Enquirer: 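Sharing a structure, written as C-alpha cells. Questions coming.
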Amino acid sequence: MSEERIVYMFDEVDPSKFKTTSELKEFFGGKGAGLANMTSLGLPIPYGFVIPCKHSLHYAEHHEMPSALKDQVKESIAKLEKKSGYVFGDINKPLLLSVRSGAPVSMPGMMDTVLNLGMSKAIAEKMAESNERFAWDSWRRFIMSYSDIVKETGREPYDEIMEDYKEKKGKKLDIELSAAEMKELGDLYLIEYKKLLSTEFPEDPWVQLFGAINAVFVSWDSERAVAYRKMNKIPNYGTAVNVMRMVFGNLNDDSGTGVLFTRSPMDGEKKIMGEFLINAQGEDVVAGVRTPMSMDDLQKERPEIVEEIFGLANKLEDHYKDMQDCEFTVENKKLFFLQTRVGKRTASAAVKIAIDMMDEQYIDEKTAVLRVAPEKIEELLHKRISPTERKSPIVKGFNASPGAVFGKAVFDCGRAIEMKKAGEKVILVRKETKPEDFPGMIASIGILTSRGGKTCHAAVVARGIGLPAIVGAGDLEIDEEAGIAKVSGEVVFKEGSIISIDGLAGNVYVGEVDVVDPEITAEFQRYLELCDKYRKLGVRTNADTPQMASDAIKNGAEGIGLCRTERMFNAEERLPKVVDMIVAESLEEREKALNVLLPLQKGDFKGIFKTMNGKPVTVRLLDPPLHEFLPDYKTMLIEFTELRVKGDHGDRFKELEFMIRKYEELKEENAMLGHRGVRLGNTNPEIYKMQARALIEALIESQNDGIDVHLEIMLPLVSHVNEFTRLVSILKPLASEIMASANFTPKNTIKWGTMIEIPRAALTSNEIAKHAEFFSFGTNDLTQMTYGFSRDDVESKFLMKYIDEIEPPIMKDNPFEHLDPNGVGKLVAISVKDGRSTRPNLKVGVCGETGGDPDSILLYHKYGLNYVSCSPFRVPVARVAAAHAAILDEQGKL
Ligand code: PEP
Ligand code: MG
C-alpha cells in the first residue's frame, strides 16, 4: 500500500480536481488554496509546499505529528532546493523559509507566521558579506519571531530591548540603526532567548522547521483562535501549514512589501487600494509599527512596479470574481505575490461591490444577494454622530470601521472583559492591538488605537466583527500602564472617562456625543430591492406606536406583525387610568375605568392605521398579568410602614393599604404562567371588549377618512382551543353590532387569529386552526415554556454560563435569540403542518425575538411560514436573510 500523501508542492496541487473553491480551501486552507491557484494562473509566487488541514486535527487529537510527515517534509525541501538553487542550512547559499498557518476560513491575525527560518549566526555572518545590514536585521527578527511564536514568549521582551537600544543610541526608527547595531541587537536577543527559555537558540534548521510546523498546529487550538472560531461559528477544520522560500522585502531600497485590496474595503470603490513599505518585511505592514505609503504615492515613485502589481491583482479578481486581499513582496525589483484571499469589507463596501460586480456582469443577481451576509447589514444601520453635534474632536485617526459609540475608556483587555461582565459599555484604548487582545476587543463596543493603518490588526479584526474602530490616532499619547491618554502632554481622559468614537469619520471625542440613527442610501436600497425580488417570506414589524411603524416602513416593512397593546398603556400619564381599571372592585367600576381608556386606545389605533394605510396590522389584545401595571410593591410597603410607625393614618395611608391589598390579591408566584392573555380575557371579558370596541371604532373612523385598514385581531396565550372560541364568540358579535349600528361595512374582512406561544397550542394547532384565521409564533414564550426557562431570569443566572463559560459549552446558542431547531423549531414545524392540514391557506408568521435573526429566518423559510416580524431596526436584516434563505433553498443548500 502506498503511503498517504501528506505534503504537496504548490505546483502539485490541481485546483481543477476540486468541485468548488470552498472544497479546495477546506482541504488546503485559504492560503494554500490561494497559492495553488496563483501557481496555476502563472503568477509569480515563491516556491514551496503545503500540509493540508486535516493533519492539524490529527495533531490536536494525538499530540504528535503524522508519522510520515517528517520524511515527506524532507523530500519536499529537497525539491525546493533543486528548484530554487538554495540549500537548507547551507552557509553559502542558504535556503530560508517562511512558515505560515492557513485555515480554510480567513482568520485575520489569529494564526502565526515564522519568517527567515533556517538562519544561524554563521549564515548571517556569511550573508553579511554581501548585504550586511539586511543580514543582521533578518537574523535578529528571526530570533524574535521564533521565540515569540514557536516558544510562545511573546515579542515584548525583544521589543523592549529594541526600544532601550534605540534610546541609548539616540535613534527613533529601526531603519536608522546601522548594520553593526543590528548585529549587536542579534547578540542581545540571543542572550534574552537563553534567559527566557534556559536553553540556547536552536541553530539546526531542521529543529527550527519542525518546531515551527508544530507551533502552527498548536496555534489552531490557542485561546484566541478558539474565541474567534466560536464568535464566528467557524467549524473545527484544522489549519494547513504553508512553507515557502523567503523572498526579502528588506533587502534594499529596491525591495519592499505591501498589501492591497482590489477594491476599497471601506466603501467598495472600484480602485486598487494598498499600502507599501520600502525596505521592510510583511510583519511591519500588518503590525502598523511604521506608517506605510499608499499605492498612489508608490505609483509616482515606481510606476513600472505598480503597473505590474495592478495587472496581477486584476487577474486574480477576474479569476475569483470577488474582491481580493493580497500580500506581495518586491525583492530587488522582482515582484512576488505571497497570498490572495477574498477581502474582508465593511457592509457598505460589500453592498457596493455586490451591485457593481453584478452590473459589470461578473456575477449574477443571486450571487450578488449572497455576497452580503445578513448579519453585516446591521453595520449599515449603525448610529452616526448627529450633524448638529457641536463638540469638537480631540484627535483624528483612520476611520477603520464604521459606527458611532460612546462608552468608558479602558486601557487593558482584562479590565475590558471585567467591566463588560459588570454591565459596562467600554471602548478599548490601546497603542496597537495584537492577536491575543481579541477577547478584550470583543468585550468592547469600540476600539481606539494610536498606531497602525487601515490594514493593521485592530482595523482588520474590528471590520470583520462590525465593531466601530479608529486606528492610528497618532496625536494621542497612550499610557496603557497608567491608564491615561494625553494630547500634547495634557491628560485628556483616564480609565473610566466617557469617550466617543466615530468610526466612519475617524474622530475621537471626550464625553458623550449626540448620535443619530442611520439612513438607507440609494445603493443599499437597490440591494434590498434585489433581495425583495428573491425572498419568499414577508417581512413585517413589531411596532406599538405610529413612530415605530413609520420607521419600519422606511426600512421596508410590509405590515405590522405584532402591536402589543399593553405597551400603549405604559405611557406615564395613562398609568393612573389603567390602575383605576385594575383595582376596580366591581364590574361597574371597571367598566367606568375602561370607558376612560377607550378613547385613548382608539386614538392610538387610528394613528397606527393611518401610518400603515393599505398594509396589514396585527393588533394583540392585552397580554401581561394585571399586577405588572401597579406601583412597585416594595416601595409601597416601605412608605406604608413609615406612615404606620409615625402613626399617620391619613388618606395616603388608606390609599396604600388598599393598593397593597390589591397587589397581594393579584400577585402570582409564577406570573408568566399565570392569569394573563386569553385567561384574563375569559374571566374578565370587559377588558377585551373595550379593546375590541376601540379597534372597531378606530377602523370605522379611519376607513371613513379614506384609510385602507387591514385589521387582524390577535388573542394571546391560547393553550386550549376553547379559550379562543369562547372569546371570539363574545368579541365577534360585538364587533358586528358596532359596525351595524354605524351602518358600516369594512372594505377588508377583519381576521381573528392567535399567537402560538404555548407548546400545547402548537401540538393542537389542527384544532385551533379550525377557528383561527392566522397564527403567529411567539417564540419568546414558546422558548420559555418549551425549555422551562424563565425568560426574565435565565440569561442573567446561568444561560450565558452554559454558552460562554462552561467547557465544553452545554449550549451553543441562546434559544431566545436563535431558534432551537430541536426544540421550539420542531414545535413550529409541527404546528404549521397540522394547522394547514385543517386550513390549507392558514397564514403563519412569527413575532418573537427570533423573527429578526438570520439563522432562524433560514428555518422559518424552510418551515413554510408566510412572514417574519421583527423590530423596525432589524427589518432590512430580515429582508436580506429571507432572500438568502430562498436562494440557498433553490440551490439545495438549506
Ligand atoms: C412572544 O412571546 O414571543 C411574544 C412576541 O410576545 P411577548 O414577548 O410580548 O410575550
Ligand atoms: Mg408572549
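Start at 1 and go down the list; that is how both ligands and their atoms are numbered. Note that the structure is predicted; figures quoted are calculated from it, not measured. Keep in mind that the numbers below use all heavy atoms, side chains included, and drop hydrogens, waters and symmetry copies.
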Enquirer: Indicate the ring-plane relationship of Y663 and Y633, choosing parallel, tilted or perpendicular according to the 30° and 60° boundaries.
Expert: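 Answer is parallel, since the angle falls under 30°.
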
Enquirer: Near C847, which atoms of ligand 1 are under 4.0 Å from a heavy atom of that residue?
Expert: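 Every atom of ligand 1 under 4.0 Å from some heavy atom of C847: 5 (C).
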
Enquirer: Using heavy atoms and a threshold below 4.0 Å, how should the contact between N542 and ligand 1 be classified: side chain, backbone, both, or neither?
Expert: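 No part of N542 comes within reach of ligand 1.
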
Enquirer: Record the part of L782 in heavy-atom contact with ligand 1 below 4.0 Å; permitted values are side chain, backbone, both and neither.
Expert: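 The answer is neither.
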
Enquirer: Do K606 and E697 pass the salt bridge (charged side-chain N to carboxylate O under 4.0 Å, His left out) test, and can you show the C-alpha distance, the side-chain angles, and the key distance before you say yes or no?
Expert: CA-CA 9 Å; K606 280 177 73 179; E697 288 183 4; over 6 Å; no

Enquirer: Please list, in number order, the atoms of ligand 1 under 4.0 Å from a heavy atom of T779.
Expert: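 Listed by number with element: 3 (O).
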
Enquirer: Angle between ring planes, F775 versus F777, binned at 30° and 60°: parallel, tilted or perpendicular?
Expert: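 Taking F777 first and then F775, their aromatic rings stand perpendicular (interplane angle over 60°).
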
Enquirer: Nearest heavy atom to atom 6 (O) of ligand 1: which of Q784, R620, M672 does it belong to?
Expert: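 Result: the heavy atom closest to atom 6 (O) of ligand 1 is in R620.
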
Enquirer: If you look at every heavy atom in E773 and I750, which pair is closest and at what distance?
Expert: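 Heavy-atom minimum between the residues: OE1-O, 4.0 Å.
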
Enquirer: Can you list the ligand 1 atoms lying under 4.0 Å from a non-hydrogen atom of E757?
Expert: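 The list of qualifying atoms is 1 (C), 2 (O).
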
Enquirer: For salt bridge (charged side-chain N to carboxylate O under 4.0 Å, His left out), just list the numbers for D889 and K862, CA-CA rounded to whole Å, side-chain angles, deciding distance to a tenth of an Å, and then say yes or no.
Expert: CA-CA 8 Å; D889 189 16; K862 206 160 119 181; over 6 Å; no

Enquirer: By number and element, which atoms of ligand 1 are closer than 4.0 Å to a non-hydrogen atom of D623?
Expert: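 Counting atoms of ligand 1 from 1, those under 4.0 Å from D623 are 10 (O).
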
Enquirer: For ligand 1 and D781, I'd like to know whether there is a polar contact (N/O to N/O, distance under 3.5 Å).
Expert: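 Yes, D781 has an N/O under 3.5 Å of an N/O on ligand 1.
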
Enquirer: Working note: T850 + Y860, criterion side-chain hydrogen bond (donor to acceptor under 3.5 Å, both in side chains); need CA distance, chi angles, decisive distance, verdict.
Expert: CA-CA 10 Å; T850 60; Y860 293 130; 2.6 Å; yes

Enquirer: State plainly whether the residues K602 and E701 are in salt-bridge range, i.e. N to O under 4.0 Å.
Expert: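 Salt bridge: yes.
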
Enquirer: Does the side chain of K233 come within less than 4.5 Å of D855's, by heavy atoms?
Expert: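 D855 reaches K233 side chain to side chain.
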
Enquirer: Output the list of atoms in ligand 1 that are nearer than 4.0 Å to some heavy atom of L562, sorted by atom number.
Expert: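 Every atom of ligand 1 under 4.0 Å from some heavy atom of L562: 5 (C).
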
Enquirer: Of the backbone and side-chain N, O or S atoms of D781, does one lie nearer to the Mg ion (ligand 2) than 2.8 Å?
Expert: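 D781 does place an N, O or S atom closer than 2.8 Å to the Mg ion (ligand 2).
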
Enquirer: Output yes when the distance from some N or O of ligand 1 to some N or O of E849 is under 3.5 Å, and no in every other case.
Expert: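 N/O-N/O distance under 3.5 Å: no.
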
Enquirer: I want to check something: taking the side chain as every heavy atom from C-beta on, are L782 and M755 in contact at a cut-off of under 4.5 Å?
Expert: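 When only atoms from C-beta onward are counted, M755 and L782 do not touch, as no gap falls below 4.5 Å.
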
Enquirer: Any idea which atoms of ligand 1 are less than 4.0 Å away from a heavy-atom of G778?
Expert: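 Numbered from 1, ligand 1 contributes 1 (C), 2 (O), 3 (O).
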
Enquirer: Among all protein non-hydrogen atoms, which one is nearest to atom 8 (O) of ligand 1, and what is the separation to 0.1 Å?
Expert: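 Checking every protein heavy atom, the shortest distance to atom 8 (O) of ligand 1 gives R791 NH2, 2.7 Å.
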
Enquirer: What N/O/S atom of E757 gets nearest to the Mg ion (ligand 2)?
Expert: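 The closest N, O or S atom of E757 to the Mg ion (ligand 2) is OE1.
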
Enquirer: Is E566 salt-bridged to R620, cutoff N-O under 4.0 Å?
Expert: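 A salt bridge links E566 with R620.
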
Enquirer: Among all protein heavy atoms, pick out the one at the shortest distance from atom 4 (C) of ligand 1; state its residue, atom name and that distance to 0.1 Å.
Expert: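 Minimum-distance protein heavy atom for atom 4 (C) of ligand 1 reads M755 CE, 3.4 Å.
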
